[in-house]
There are 2 protein chains.
Amino acid sequence: MNDRPSLELAEVNDTPWLSTEQQHVWRAFLGGSTVLMDQLDRDLRQAHGLSMSEYEILVRLSEAPDRSIRMAELAAQVAHSRSRITHTIARLEKARMVTRGQCSTDGRGVTAVLTDHGFAVLAEAAHTHVRGVHDYLVANASAAEFEALGRIMNRITEQLGGRSF
Amino acid sequence: MNDRPSLELAEVNDTPWLSTEQQHVWRAFLGGSTVLMDQLDRDLRQAHGLSMSEYEILVRLSEAPDRSIRMAELAAQVAHSRSRITHTIARLEKARMVTRGQCSTDGRGVTAVLTDHGFAVLAEAAHTHVRGVHDYLVANASAAEFEALGRIMNRITEQLGGRSF
DNA sequence: GGGACTTGATTGAAAGTTCAACCATCGGCT
DNA sequence: AGCCGATGGTTGAACTTTCAATCAAGTCCC
């Protein structure tokens with residue numbers, strides 16, 4: 001009874017713009033997470049010569065059985081590309097914090113293994129990092145707000161989760 | 001009346017570890033913001049050949065008087081280093097989305113100016129970006145949760161705000 | 001067994017970011 | 001005016017991340 005575009009086309013064209021308040025929150029998120037990550041990264045670098053991504057990898061390794069994880073699994077845990085993990089592990093290996101091992105059950109598999117030295121560095125760095133997370137993030141949120149943050153981020157991870165690498 | 005270390009030293013040593021729940025939230029934040037940013041970046045790249053940081057810069061320029069902002073001010077707004085802004089603007093200039101102008105009031109000043117072409121690209125890209133922010137973030141939060149997010153991130157920005165570049 | 005296809009990991013080059021050094025200009029001070 | 005420290009911006013090299021290509025080993029299926 002009318003000649004406007006088909007419903008499908010209408011939906012495709014129709015972008016739901018953000019309200020002013022939503023824009024403000026989004027920009028706060030963008031800016032806030034940038035400065036937060038930069039600060040944590042800088043703290044770690046200055047005090048221990050580690051980047052955030054190197055730190056994250058060491059943490060995961062330290063928690064794993066035998067302090068070792070396969071490359072692909074590591075990539076999934078920290079949400080980085082395989083290639084990036086390969087390069088980063090190469091650097092950490094050069095710094096003697098990690099060694100590579102062959103995976104017993106899969107000929108293709110390579111495992112990254114945390115060395116004692118790597119563990120020692122991590123143990124030091126953890127103080128810096130945890131203090132940062134506390135001072136910059138936890139201290140800036142009420143308990144309820146903090147829980148809300150957790151819920152939101154979990155849903156996002158669930159939705160976009162194991163993606164595209 | 002006792003011989004333990006001075007209060008100052010005690011405080012320095014005493015790292016307040018995170019509770020298990022706090023750790024979970026922190027990791028959710030880390031993972032969630034990573035996949036969120038990656039997804040928004042990928043969407044923008046695929047559809048319009050723009051990175052998130054290029055997009056952010058174009059947005060700021062489009063909102064400024066004369067569609068132009070000085071380099072340092074731009075750096076402050078998007079929380080990037082001056083050097084990074086110089087390089088990014090150089091790329092955008094090569095793509096004819098931005099031109100450089102001399103600042104009238106300050107001989108050192110250089111302003112980035114959005115071209116009509118830059119504005120046109122931005123106008124297209126905005127659809128993709130806004131849809132992403134909506135679908136990946138806004139849709140994953142209740143109104144109350146979203147507001148909490150805003151408050152937290154604003155406090156962080158306030159605390160770590162104009163920093164160290 | 002032997003394709004065909006998928007997955008795990010690496011590689012090297014291109015693209016982007018950081019870092020330190022640099023030059024020019026501004027602003028204050030004497 | 002002339003000096004001095006701070007600010008604005010650029011540069012090039014070092015470093016990190018991405019991207020596409022490659023290779024090896026697993027899986028499926030006939």
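Lettering follows sequence order; numbering is per chain, from 1. Worth knowing before you read on, the calculation uses all heavy atoms, side chains too, and leaves out hydrogens, waters and symmetry mates.
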Confirm from the modelled atom types if B/H87 and D/dG9 form a donor-acceptor pair under 3.5 Å, side chain to base only.
-> no
Figure out the CZ/P separation between A/R82 and C/dG12, and round it to whole Å.
-> 19 Å
When you check the phosphate oxygens OP1 and OP2 of D/dC15, does a side-chain N or O of A/R91 lie under 4.0 Å from one of them?
-> no
Verify whether one side chain among A/N154 and A/E158 offers a donor that lies under 3.5 Å from an acceptor in the other.
-> no
Sidechain N-carboxylate O distance under 4.0 Å for B/D43, B/R131 = no
Measure the distance from CZ on B/R42 to C1' on D/dC19 and round it to the nearest whole Å.
-> 13 Å
Does the side chain of B/H48 pick up a donor-acceptor pair with the side chain of B/T128 at under 3.5 Å?
-> yes
Between P of C/dG16 and CG of B/L44, the distance in whole Å | 14 Å
Distance, rounded to the nearest Å, where B/D41 contributes CG and D/dT17 contributes P | 14 Å
Is B/F146 linked to A/L18 within one hydrophobic cluster, defined over Ile, Leu, Val, Met, Phe, Trp and Tyr using a side-chain heavy-atom separation of less than 4.5 Å?
-> yes
Any idea which of D/dG9, C/dA9, C/dG16 is nearest the B/R45 side chain?
-> C/dG16
Indicate yes or no: does B/E63 engage A/R27 in a salt bridge with an N to O separation below 4.0 Å.
-> yes
Proximity of A/H127 and B/W17 rings by center, below 6.0 Å | yes
Interatomic distance, B/D38 CG vs D/dT18 P [rounded to whole Å] = 7 Å
Pairing residues for B/Y136 by the ring pair (Phe, Tyr, Trp, His ring centres under 6.0 Å) criterion, not counting sequence neighbours | none
Identify, between B/C103 and A/R84, the residue whose nearest nucleotide on DNA chain D lies closer to the 5' end.
-> B/C103
According to a strict under-4.0 Å criterion, is A/S83 in side-chain N/O contact with OP1 or OP2 of D/dT16?
-> no
Starting at the 5' end of nucleotides 24-29 of chain D, put B wherever the base has a protein heavy atom under 4.0 Å, S where only the sugar-phosphate does, and a dash everywhere else.
-> -BS---
What's the CE-C1' distance between A/M71 and C/dT7, to the nearest Å?
-> 15 Å
Send over the distance from A/E54 CD to D/dC15 C1', rounded to a whole Å.
-> 11 Å
Send over the distance from B/R70 CZ to D/dT10 P, rounded to a whole Å.
-> 11 Å
Would you kindly compare B/S51 and A/R100 by the position of their nearest DNA chain C nucleotide and give the one closer to the 5′ end?
-> A/R100
